[in-house]
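All ligand and atom numbering here is 1-based and tracks the order in the structure. Every value quoted in this text rests on a predicted model; they were computed, and no experiment measured them. Values below: every heavy atom of this structure, side chains too, minus hydrogens, waters and symmetry copies.
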Amino acid sequence: MHIIRNLLFAATILLLGGCSGNNRPSIYDNIIPLPDKIVSGKGSYTVPTGATIAYTTPQLQTAANYLADGLSDFILIDSVREGSRGDIILRLGNTGRAEGSYEITIEKSGIEVVSGSYGGIISGASTLLQAVELSAGTGNGLPVVQISDTPQYQWRGIMLDVARHFFDAGEVKRLLDWMALYKFNKFHWHLTDDQGWRIYLDSYPQLAEKGGFRTPNNHDHECLERAVEEDNPYFLLPADRTRIVGRDTIYGGYYTKEEIREIVDYAAARGIDVIPEVDMPGHSMRTLMYFPELSCFDNVGWGKTFSTPLCPGKDETLEFCKRVWAEVFELFPYQYVHIGGDEVEKDNWRKCPHCKARMEEYGLENVEQLQSWFIGYMEDFFTAGGKKMIGWDEMLEGGLSPTATVLWWRSWVPDAVDRATAQGNNVILVPNEYLYFGNKQDRNTLLKTYKANIVPDGLSDAQKSLILGIQGNLWTEFVPTFERAQYMYFPRFLAVSELCWNSIERKDPEAFMGRVNAHYPLLDRRGIKYRLPDFDNIYDRNVYVGPGEAVAAPTLPVEGITVRYTQDGTSPDRNSPLYTGPISFDSDRVLKFRTFYPDGSPGDITVAPYYGVEPFEAVDIPEGELSPGLIAALYAFEGESSRDIATSPYIGEFVTPYVTIPDGAALPIGLIYTGYIDIPEDGIYTFYLNTDDGSMLYIHGEPVVDNDGMHSILEKTGQAALWKGLHPIEVHYFDPNGGSVELGIIDDDNKRRELGPSWFRH
Ligand code: ACM
Ligand code: ZN
């Protein structure tokens with residue numbers, strides 16, 4: 001009794017404390033993306049039970065329905081009707097502001113959303129939906145406010161690859177709902193690839209009916225392995241997409257034309273344009289399986305790097321492509337369509353008599369120009385059909401007409417944006433380093449995405465004006481279920497939403513993380529299986545001074561998440577003990593902690609091995625015998641594990657002040673840093689290595705952090721017990737195509753600090 005009363009008392013004080021002060025954040029400060037301008041007034045408005053939503057022109061009826069659907073989870077909506085009298089009014093009117101802008105006025109008497117465009121009305125409606133949801137349960141209604149908001153970019157896209165794994169119409173609609181909520185307005189639908197063809201066409205029904213299905217491939221098998229290794233059911237092929245045919249399991253699916261039209265309409269009601277991608281002339285193995293005569297030779301399959309492409313030398317290939325697109329044009333009303341054009345293995349073309357004849361016919365000097373000729377030929381067909389062509393940035397290689405729009409994805413070719421905009425092409429940015437949702441996530445991924453400055457340096461204002469916008473892509477080779485897709489999209493989706501809507505000057509990382517925390521309940525309510533936040537206070541390698549007592553005390557940055565754990569090496573499940581506070585033990589073991597979603601389904605497992613160690617003694621070297629910094633030995637290393645660096649050609653030696661890539665180190669990079677680390681106090685130190693690609697930290701020859709292997713930027717952590725003084729240290733790091741390395745420590749407040757020059761000697 002006594003304890004409970006005290007706790008309640010403390011909670012009251014906290015609440016009061018939270019409400020005082022003039023700069024009290026309002027619910028509107030938690031809208032994502034953050035609105036441009038929020039002017040708070042006095043008082044509040046509560047949408048009445050049985051509310052009416054009015055819209056001023058028939059065009060807005062679907063927008064009003066979108067708003068009513070969203071609100072009806074919180075408020076009883078009585079009617080949605082045309083007119084200018086209602087509790088909530090949607091008004092199409094000239095605000096004199098940029099395309100997609102909107103204004104919301106919430107007064108004590110009601111709400112009005114005004115915009116000059118349908119898309120702006122949807123953005124305003126989504127702001128209102130978030131506000132209602134964020135204020136639900138406060139009992140306070142909506143504070144009086146005036147919001148005016150303008151997007152930075154007109155193109156705010158999300159891509160879904162439905163070719164590698166199939167996502168059905170219902171799943172696509174759910175994604176469109178989330179896109180609208182976070183103000184994305186372009187859905188890029190990657191419909192065909194080597195592994196599947198998902199769009200039914202009357203001209204070539206076998207492409208979907210046969211090409212939409214496959215026996216499980218190498219990606220599926222890898223997913224199956226991960227399902228077992230990570231005890232994660234979301235890596236299993238969904239049962240409703242597999243069937244047994246004879247002795248084989250067949251996996252797949254495709255969309256009927258009716259489903260496509262329904263999805264396009266559903267998107268349009270949410271202010272979203274749909275951009276179909278039918279990838280050609282590469283990524284076309286499915287086409288060639290059923291139409292092998294469209295290949296240069298009968299070697300259809302995998303080439304050196306990519307699959308064998310269509311033969312642009314044959315007239316029948318061109319006829320096929322045009323018939324496909326003519327049908328696609330009819331299904332998709334938006335002016336932009338996407339031809340692909342990426343990753344073409346051109347070996348066949350060099351040898352093929354048809355391709356050679358085509359090159360001769362048009363005076364083309366090489367196969368890059370042949371690719372350009374094909375793209376240009378198709379662009380003429382698109383233009384004649386009233387469409388505008390988008391393609392991946394490889395299109396630039398053999399020359400490109402200035403009317404095509406370039407989707408820049410290759411982070412390692414940053415001058416593509418300069419080249420494209422210099423010759424007048426529009427560009428959309430999706431650099432894979434930041435905007436590929438398939439990249440593995442760690443605790444830093446969300447902020448890295450949020451803070452990304454992705455417009456390449458050195459563009460003139462005229463060039464910058466050709467950047468239509470930004471999008472995020474999800475490739476699904478290793479994403480067999482919609483739940484796994486959600487995990488890869490969220491919460492990064494929220495950071496990409498901010499990148500699209502707000503300029504880099506408005507970035508406030510700390511405030512953004514607070515907003516994301518406020519949005520987890522919204523994601524929960526929608527049943528989204530987002531990547532739950534990471535634990536603090538446990539690491540990839542934990543030590544205690546043994547023999548003695550170890551204490552594992554992981555914490556999470558948000559409250560209310562269920563955590564269960566095991567100490568016997570098994571995966572925690574819903575019957576494992578609940579984690580409620582620090583766990584003590586006195587012998588080595590591997591603890592496993594697992595978060596659970598509110599619906600009880602399991603999240604990630606965090607593996608935390610604990611080792612009892614004796615602290616390392618410092619080495620005794622007179623200070624005068626040492627110099628500042630570390631020796632960095634450089635190797636021309638092209639392998640996939642830092643353990644092999646020293647077997648590659650040795651280039652030379654640098655002195656670096658700390659663990660950083662020396663100026664003048666040419667790619668491919670393999671670096672071995674050696675020297676001493678100067679430890680200021682006795683203690684257990686927690687190190688992190690944050691690198692792209694792999695790395696290892698050794699102290700006294702012992703592996704402390706293992707971040708090895710090929711990967712995009714990723715953090716790994718590990719502890720060592722060290723007496724004050726100098727300790728021998730080695731960091732092994734490699735990157736074949738340009739990356740980064742950072743070694744730091746995590747202090748008792750969970751703050752990460754890069755280790756600077758004062759820590760190192762050699
Ligand atoms: C791509 O990622 N191949 C566009
Ligand atoms: Zn050919």
Metal proximity, C296 vs the Zn ion (ligand 2), N/O/S cut-off 2.8 Å: yes
Identity and distance of the protein heavy atom lying nearest atom 2 (O) of ligand 1: Y436 OH, 2.6 Å
Numbered atoms and elements of ligand 1 in range of E343, under 4.0 angstrom, heavy atoms: 3 (N)
Heavy atom of the protein closest to atom 3 (N) of ligand 1 (residue, atom name, distance): D342 OD2, 2.7 Å
Ring-face cation of R358 near Y362 (centre distance under 6.0 Å, axis angle within 45°): no
Ring geometry between Y255 and F166 (parallel below 30°, tilted from 30 to 60°, perpendicular above 60°): tilted
Apex the Zn ion (ligand 2); atoms C311 SG and C355 SG; angle rounded to 10 degrees: 110°
F493 ring center near Y530 ring center (under 6.0 Å): no
Donor-acceptor side-chain pairing of K451 and Y434 below 3.5 angstrom: no
I32 side chain near Y182 side chain, heavy-atom distance below 4.5 Å: yes
Interfacing atoms of ligand 1 (cut-off 4.0 Å, heavy-atom, W475): 1 (C), 2 (O), 4 (C)
